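First comes the structure, then the notes that go with it.
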Amino acid sequence: MRFALVDANNFYVSCERLFAPQLEGRPVVILSNNDGCAVSRSAEAKALKIGMGTPYFQWQKLAKQQGVVVLSSNYALYGELSARMMRLLGTFSAAQEIYSIDESFLHIPVSGKDALRWGSTVRHRVRKELGLPVCVGIGPSKTLAKLCNHWAKKGRVAEGVCDWDSIPDDQKVQWLQDTPMDAVWGVGRKLGESLRRQNIQQIADFLRADPVAIRQRYGIVLARTQQELQGISCLQLEQIPQKKQHIQCSRSFGQAVESLTDLEESLSVHTQRCAAKLRQDGQKAQGVQIQIRSSPHRGRYYSGVAFRPLANPSNHYQDLWQAVKAALAEAYRPGVRYAKSGILLSALQDVNMPETRSLFIAEDDAATPGDAQKKALADVLTLLKKRYGKAAPGFGVAGLRTERAWSMRAGNRSPYYLNAWSDIPVVGAG
DNA sequence: TCTGGGGTCCTAGGACCC
DNA sequence: TCTGGGGTCCTAGGACCC
């Protein structure tokens, strides 16, 4: 069995260019939430040495001088285009794993040298039907498919398709000799540094290293990576998305806040998003953790974390909110300039599994709404959300004010081309 | 002035048990 | 002076991914 990894080229930038063709050939950078750091860069922007994940203020001047187009991120747009791309990719193979917003692993449905032609077809159809540029890496393991995709993106092969089995042997030796370890899937900055200290610089060094020593020093994960690079497949395609073990929602504030009220508002919004994610995943939570913290980059750092178990497993806002409020009271310290708040739901369980309920809470207490009523209300709110988006009603302290001190900054967001009639471009309107 | 968000997995260390 | 061994469970923190 061989694997393909199909990965879009600077996906967010490519999405923006679809609707703004004048951005072709120009340096373009997409910023993270709050216009914080660079998360997607066109080839031209990479050439200007604007690093992935670097804070905007560090290269703002350069961007201005060089005429870089800087955009806030528009996740509604990227999400919709991602869904279309994944649907199309799914038609090329019986087995697909959606690995990230812009990547899919696929089983290759053809054998031998036909793989190259198959990859080329995939690439051309995605380009033609969706307008998105992608590269295809093909190999006998997921890690080698990833590596070949990396080489394809670096332009080492013609046509953006790189097949491990089609690389001439002498070339393979050469590439393994000149590709550094941190290009490998699963090897980041720290591991890369540590390996370098062990005199393992390039992939070829790593392939020569003693597997027992690797297993002992670095653990099972890297030992597996070594096997995968040798063409022994250890990682299977995960076609059915696993249920999540944690669900979290957090956001940095547009500007620092100090008041309990502001923190409550933001946490209430996170609680509603978390509850929606939980129901979407078909799960209930048994515990809630909140975190409020100041900026780690300035002044004295404060991080307040508090946990509350839920009396009964739940996926309803009303129950979660009780726990969140209690946790907030514990974690809050006055006088701190808070930069971020977040919620983490843990001990999740399938809604269909039998649950252990509290002995001490009367199930038929008429004073509190029962689960059926909460569910009915949640369903209605979900529908309204779908129809009216941000304008839909929500619970409690959230949604009272539309302009909040803590709202995100998004100075230059593109229109919702695919989600709002009013934002659809009109051909010929200039 | 200004530094994202949401996941996973692994390991170390402490509490506790017999 | 000298203070066991082996197991489980939980949590915190680190590293990685995109």
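Residue numbering restarts at 1 for every chain, and letters A, B, ... go by the order of the sequence lines. Predicted model only: the values in this text are computed from it and were never measured.
In this structure, the CD atom of A:Q289 is 16 Å from the P atom of C:dC10, given to the nearest Å. If you measure from atom CG of A:N34 to atom P of B:dC2, you get 11 Å, rounded to the nearest angstrom. Summarising the geometry, the separation between CZ on A:R298 and P on B:dT3 is reported as 6 Å, rounded to the nearest angstrom. Atom NZ of A:K142 is separated from atom P of C:dC17 by 14 Å (rounded to the nearest Å). When the C1' atom of B:dG6 is taken as reference, atom CG of A:L278 falls 14 Å away, rounded to whole Å. Atom CD1 in A:I101 sits roughly 18 Å away from atom P in B:dG4 (whole-Å rounding). Atom CG of A:D7 is separated from atom P of C:dC18 by 8 Å (rounded to the nearest Å). A:F253 places its CZ atom 16 Å from the C1' atom of B:dT3, with the value rounded to the nearest Å.
Residue A:I247 is in sugar-phosphate contact alone, with no base atom involved, counting any heavy-atom pair closer than 4.0 Å across all strands shown. At the heavy-atom level, A:Q60 lies nowhere under 4.0 Å from the strands shown. Residue A:F11 is out of contact with every strand shown, counting any heavy-atom pair closer than 4.0 Å. Within 4.0 Å (heavy atoms only), A:D102 reaches sugar-phosphate atoms of the nucleic acid but no base atom. The residue A:V184 sits close only to the backbone: its heavy atoms come under 4.0 Å of sugar-phosphate atoms, none of a base.
The phosphate of B:dG7 (OP1 or OP2) has a side-chain N or O of A:K277 nearer than 4.0 angstrom. Distances shorter than 4.0 Å separate some side-chain N or O of A:R273 from OP1 or OP2 on B:dG6. Residue A:R409 places none of its side-chain N or O atoms closer than 4.0 Å to OP1 or OP2 of B:dG4. Listed pair A:S252 / B:dT3 fails the phosphate criterion, with no side-chain N or O lying under 4.0 Å from OP1 or OP2. Between A:Q245 and B:dC9 there is a side-chain N or O to OP1 or OP2 distance below 4.0 Å. Phosphate proximity of C:dC17 to A:K146: absent, as no side-chain N or O sits under 4.0 Å from OP1 or OP2.
The nearest heavy atom of DNA chain B to A:G53 and to A:G219 marks one nucleotide each, and the one closer to the 5' end goes with A:G53. Each of A:K340 and A:R337 has a nearest nucleotide on DNA chain B; the 5'-most of these lies closest to A:R337.
Checked against B:dT3, B:dG6, C:dC17, the side chain of A:Y99 finds its nearest nucleotide in C:dC17. Taking every side-chain heavy atom of A:L191 into account, C:dC16 is the closest of C:dC18, C:dC16, B:dG6. Closest contact between the side chain of A:K190 and the listed nucleotides C:dA15, B:dT3, B:dG4 involves C:dA15. Checking B:dT8, B:dG7, B:dG5 against every side-chain atom of A:Q248, the shortest atom distance belongs to B:dG7. Distance from the side chain of A:N33 is smallest for B:dG5 among the nucleotides B:dC10, B:dG5, C:dC18. The side chain of A:C37 sits closest to B:dT3 out of B:dG7, B:dC10, B:dT3.
Close placement of the A:W185 and A:F105 rings is indicated, their centers lying within 6.0 Å of each other.
With hydrogens and angles left out, the side-chain atoms of A:T54 and A:W59 include a donor and acceptor closer than 3.5 Å. Remark: the A:E103 side chain and the A:S100 side chain contain an N/O donor-acceptor pair separated by less than 3.5 Å. Looking at A:N412 and A:S72, their side chains never bring a donor and an acceptor atom within 3.5 Å of each other. For the residue pair A:S42 and A:N10, no side-chain donor N or O sits within less than 3.5 Å of a side-chain acceptor on the partner.
Between A:E129 and A:R87, none of the side-chain N atoms (NZ, or NE/NH1/NH2) sits under 4.0 Å from a carboxylate O, so this pair counts as no salt bridge. Note on A:D35 versus A:R413: no salt bridge recorded, every NZ/NE/NH1/NH2 to OD/OE distance being 4.0 Å or above. Taking the charged nitrogens against the carboxylate oxygens, A:D281 and A:K243 have no contact shorter than 4.0 Å, which rules out a salt bridge. Ionic pairing of A:D182 and A:K190 is not present here: no N-O contact between side-chain nitrogen and carboxylate oxygen is shorter than 4.0 angstrom.
B:dG14 and C:dG4: their P atoms are spaced 16 Å apart (whole Å).
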Q. Which dot-bracket string fits DNA chain B when only Watson-Crick or G-U wobble pairs with both atom distances under 3.5 Å count, crossing pairs get [ ], and | stands for a partner on a different strand?
A. ....||||||||||||||
